[in-house]
Amino acid sequence: MPSNAEAAEIFRNIGDLLDVLGERFKPEAYRRAARSIDSLTEDLGRIAARDELDTIPGVGEAIAEKIREYLATGHLAYYDRLKKEVPPGVAEIMRLPGLGPKTARRFWVELGIEGPAELEAAIAAGRLDSVKGFGPRKIELIRDALAAARATPGRSARLPIETAYPLAERIVRALRERSARDRAEIAGSFRRRRETVGDLDILVTSDESEKVFDAFSLPEIGEVKMRGPTKETCVLTNGLQVDLRVVEPKEFGAALLYFTGSKDHNVHLRTIAKDRGLKINEYGIFRGDERLGGATEEEVYAALGLAWVPPELRENRGEVEAAAKGPLPPLVDAPDLRGDLHVHLPPSAGTAEVDRLLADARRRDLAYVGVVIAGFDAEGHPWTLGSPALRRIVALGDGNPRVLPCVETTPEGKVPLTPGGTPEYAIARAGPSEESRGSDGAKGPPVRVVAHLSGDGDAGGRAGLAIARAAKAAIEVGPGTERFDSNWARVARESGTALSVPTGLGAPPDDPLGPIALGFARRSGAGAADVVNAGSPSAREARKRRSTSSR
DNA sequence: GCCGTTTTCGGCCCGACTGTTTTCAGTCG
């Protein structure tokens, strides 16, 4: 059965080929369908079996028919025909940075250039020098793009968000420290907490853009690609592109909304605006020349008759329709997290490390901490925490926060020997998967949590979810090779499997685990009630009241 | 090719920036 990703890739390629052929609106239509298919949480085959392909946003009659043909035969006649019509190298030229469909088409039609190698030869032979619209600077840029593409073939890969996170946080912190008055925020897919980011979009309020750009000088910045009055683009030494934009405070909300996206979410908002005789751009929302708002995102949504939409949900998957009916149900948030069910200490940890962990937990107002004291490693060998830490953990027991000793078991539930007392609950590790079982510190039945999935991406998610379902366990969401990402979290939620959200307890300030795991849970649409280590807002309020009254 | 609580046809986001330009096309996000 062909995968969704393969189908999406084909439609993206069709979009590129149609672009080169000079089609006006079809390319974007195919790419939109590809984006929709990528964000599905269900196999196309199952949707097709229910005859519901046309419920996918951007998929109409023609593309639905193509999906059916592809599912049935593994081929797409239309795609094969386009590939015959357009040399594959022409689409390759189109994808070079700074070039596009128009340029690639001109090279192909006017000069007979059918690929990057031929383009390189043509430049060397001076064949571009006499072509209208190609001055020396442009030719130089094309030569650079060709050289860069040859040096690192198959690049322009998106970066895992957890890789970009520490750097992004450092950049935005540096910008905030520059001026107490100005705001700085990272927008784009980083703010939406997508699993990967293509670049960083950073917004800063200031009336002195030059000074912001000048202050924006980190050791990681490789080259400044361009700098205009309001925008600077640079490339970091690790290849990540950073767009820095300076806006006025009264425009900040509109700009944040605009640059957070997603594209499909923005297009939907614009359509609504247009229906109401309004116009949205990155400077605000307007009726004719009258400015209706733009200082905050809420103003813009409100002018459209919509409730504010959390960034993690802005993917045009029905969130706009929901926001038209009223406030969206609250997503799980950091203050909802009452404890952490899965914390590791280094094997050599002593009492000091344990106390430091608990101090961090108190700072975060956590009621309980599950610390792994024993388990199996990836080869199936048992291990235990060193005895000083172990004794400390057992001795602390019911303190504040409450310490829950926990063991990791195999997926089959095999429990390691646990010297030093009875574990409160168990995290089991067997083969590539790991399962934890615990109590959430409250009254009620023990909670089981599945974590540490195998690094196979989809296969790991599928296997982990199967174990969680069979064991009636929760499943831990988070970034990394053992990840359970937001798409899987959505599948889990839709099937009634609870999530466990790690807090990143004990980790350094820029560690991505806690914030990204929370982001993934929110992206899946989870509220506090869907998260096993979260309390309801009312319980949180009660706790807050208790703690303030006791002070 | 898709889409419609004012449309089944006629629209399709829109502004910044760059390079090559005497007024704009192409690319990007």
Side-chain angles (χ1 to χ4, degrees), chain A residues 11 14-15 17-36 53-67 78 82 93-107 128-142 145 156 187-190 197-203 209 224-233 241-247 251 254-255 257-286 305 316 320-321 324-325:
Chain A
F11 288 130
I14 289 177
L17 294 170
L18 291 172
D19 240 340
V20 174
L21 288 172
E23 288 280 355
R24 289 270 276 133
F25 297 105
K26 287 186 193 183
E28 193 48 34
Y30 276 97
R31 279 193 278 261
R32 197 150 58 90
R35 284 198 299 274
S36 268
L53 286 175
D54 59 1
T55 64
I56 301 169
V59 174
E61 199 161 332
I63 292 183
E65 183 52 41
K66 289 182 173 70
I67 293 173
Y78 179 63
L82 286 175
I93 290 175
M94 187 193 96
R95 285 190 280 261
L96 291 170
L99 281 72
K102 298 276 166 50
T103 313
R105 181 177 169 77
R106 279 194 66 193
F107 288 154
L128 258 57
D129 297 349
S130 55
V131 179
K132 195 167 167 234
F134 290 90
R137 176 73 182 137
K138 195 161 223 167
I139 291 173
E140 188 187 331
L141 288 174
I142 295 172
S156 81
S189 49
F190 184 90
V197 297
D199 60 13
L200 292 178
D201 291 303
I202 303 179
L203 290 177
S209 63
V224 177
K225 276 175 77 176
M226 63 172 190
R227 184 195 270 205
T230 64
K231 181 185 170 181
E232 176 174 288
T233 296
Q241 180 169 311
V242 180
D243 292 331
L244 189 62
R245 289 183 170 84
V246 178
V247 301
E251 302 164 341
L257 176 59
Y258 185 87
F259 291 110
T260 296
S262 70
K263 184 175 182 168
D264 293 332
H265 180 85
N266 285 353
V267 168
H268 200 151
L269 296 187
R270 270 158 211 288
T271 311
I272 293 173
K274 201 168 180 179
D275 288 349
R276 295 177 167 229
L278 307 176
K279 188 177 84 164
I280 315 176
N281 56 27
E282 59 261 57
Y283 305 112
I285 180 160
F286 305 88
N316 198 31
V320 177
E321 291 83 351
K325 295 197 183 102

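In what follows, chains are A, B, ... by sequence order, proteins preceding strands, each numbered from 1. Keep in mind that what you see is a predicted model, and the values were worked out from it rather than measured.
For B/dG29, the paired nucleotide is B/dC14, the pair qualifying as Watson-Crick or G-U wobble because both relevant distances are below 3.5 Å.
Between A/Lys138 atom NZ and B/dC24 atom P there is a gap of 16 Å when expressed in whole angstrom units. Here B/dC2 presents its P atom at 16 Å from CG of A/Asn316, a figure rounded to the nearest Å. When rounded to the nearest whole Å, the span between CD of A/Glu140 and C1' of B/dT18 equals 14 Å. Per the geometry, CG belonging to A/Leu53 stands 15 Å off C1' belonging to B/dG1, to the nearest Å. With rounding to whole Å, A/Ile63 atom CD1 is found 8 Å from B/dC2 atom C1'. Atom NZ of A/Lys132 is separated from atom P of B/dG19 by 19 Å (rounded to the nearest Å). As a whole-Å value, the separation of A/Asp199 CG from B/dG29 C1' is 8 Å. Rounding to whole angstrom units, CD1 of residue A/Ile14 and P of B/dG1 are separated by 10 Å.
Atom C1' of B/dT7 sits at a distance of 14 Å from the matching atom of B/dC2, rounded to the whole Å. Nucleotides B/dC3 and B/dC13 are separated by 14 Å at their P atoms, to the nearest Å. Distance check on atom C1': B/dT18 versus B/dT23 gives 15 Å, rounded to whole Å. Straight-line distance between the P atoms of B/dT20 and B/dT27: roughly 14 Å, to the nearest whole Å. Using C1' as the reference atom, B/dT22 and B/dC28 are 25 Å apart when rounded to the nearest Å. Taking the P atoms as reference points, B/dA16 lies 24 Å from B/dT21, given to the whole Å. Look at the C1' atom in both B/dG15 and B/dG10: the space between them is 24 Å, to the nearest Å. For the C1' atoms, the distance from B/dT8 to B/dG4 is 8 Å, rounded to whole Å.
Under the rule for a ring-ring contact (aromatic ring centres under 6.0 Å, His included), A/Tyr283 has no partner lying at least two apart in sequence or in another chain. The side-chain contact (heavy atoms from CB on, under 4.5 Å) search around A/Ala254 returns A/Val300, not counting sequence neighbours. When the side-chain contact (heavy atoms from CB on, under 4.5 Å) test is applied to A/Thr103, the partners found at least two apart in sequence or on another chain are A/Leu99, A/Phe107, A/Phe134. Applying the side-chain contact (heavy atoms from CB on, under 4.5 Å) rule to A/Leu141 yields the partners A/Arg137; only residues at least two apart in sequence or on another chain are considered.
Atom CD of A/Glu61 has 12 or fewer neighbouring heavy atoms from other residues, nucleotides or ligands inside a 6.0 Å radius.
For the residue pair A/Asn316 / A/His268, a side-chain donor-acceptor distance below 3.5 Å is found, with atom types taken as modelled.
Using a 4.0 Å heavy-atom cutoff across all strands shown, A/Glu28 reaches no nucleic acid atom at all. The residue A/Leu18 sits apart from the nucleic acid: no heavy atom pair falls under 4.0 Å. Among the protein residues, A/Pro101 comes within range of the sugar-phosphate backbone only, with heavy atoms under 4.0 Å from sugar or phosphate atoms but none that close to a base. Residue A/Thr233 is out of contact with every strand shown, counting any heavy-atom pair closer than 4.0 Å. Within the 4.0 angstrom heavy-atom criterion, no nucleotide atom of any strand lies near A/Arg31.
The phosphate of B/dG1 has OP1 or OP2 within less than 4.0 Å of a side-chain N or O from A/Lys66. Neither OP1 nor OP2 of B/dC28 sits under 4.0 Å from any side-chain N or O of A/Gln241.
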> What is the per-nucleotide protein-contact pattern of nucleotides 6-16 of chain B, from the 5' end, where B denotes a base atom under 4.0 Å from a protein heavy atom, S denotes such proximity for sugar-phosphate atoms only, and - denotes neither?
Replying inline: B----SBBBSS
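Base orientation at B/dT5 is anti, since its O4'-C1' glycosidic dihedral falls outside 90° of 0.
In this structure, A/Arg32 and A/Ile139 both approach DNA chain B, and ranking their closest nucleotides by distance from the 5' end singles out A/Arg32. Annotation: of the two residues near DNA chain B, A/Ala104 and A/Pro57, the 5′-most nearest-nucleotide partner is A/Pro57.
Side-chain proximity of A/Leu141 to the nucleotides B/dG1, B/dG29, B/dG19 is greatest for B/dG19.
In this structure, CD1 in A/Ile280 is found 12.0 Å from NZ in A/Lys274, a value given to the nearest 0.5 Å.
The shortest non-hydrogen separation linking A/Pro57 to A/Ser36 is O-OG, 2.6 Å.
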Under 3.5 Å donor-acceptor pairs involving side-chain atoms of residues 28-35 of chain A, not counting sequence neighbours:
from: A/Glu28; atom 1: OE2; to: A/Arg35; atom 2: NH1; distance (Å): 3.4
from: A/Glu28; atom 1: OE2; to: A/Arg35; atom 2: NH2; distance (Å): 3.3
from: A/Tyr30; atom 1: OH; to: A/Lys66; atom 2: NZ; distance (Å): 3.4
from: A/Arg31; atom 1: NH1; to: A/Asp16; atom 2: OD1; distance (Å): 2.8
from: A/Arg31; atom 1: NH1; to: A/Asp19; atom 2: OD2; distance (Å): 3.4
from: A/Arg31; atom 1: NH2; to: A/Asp19; atom 2: OD2; distance (Å): 2.7
from: A/Arg35; atom 1: NE; to: A/Asp264; atom 2: OD2; distance (Å): 3.2
from: A/Arg35; atom 1: NH2; to: A/Asp264; atom 2: OD1; distance (Å): 2.8

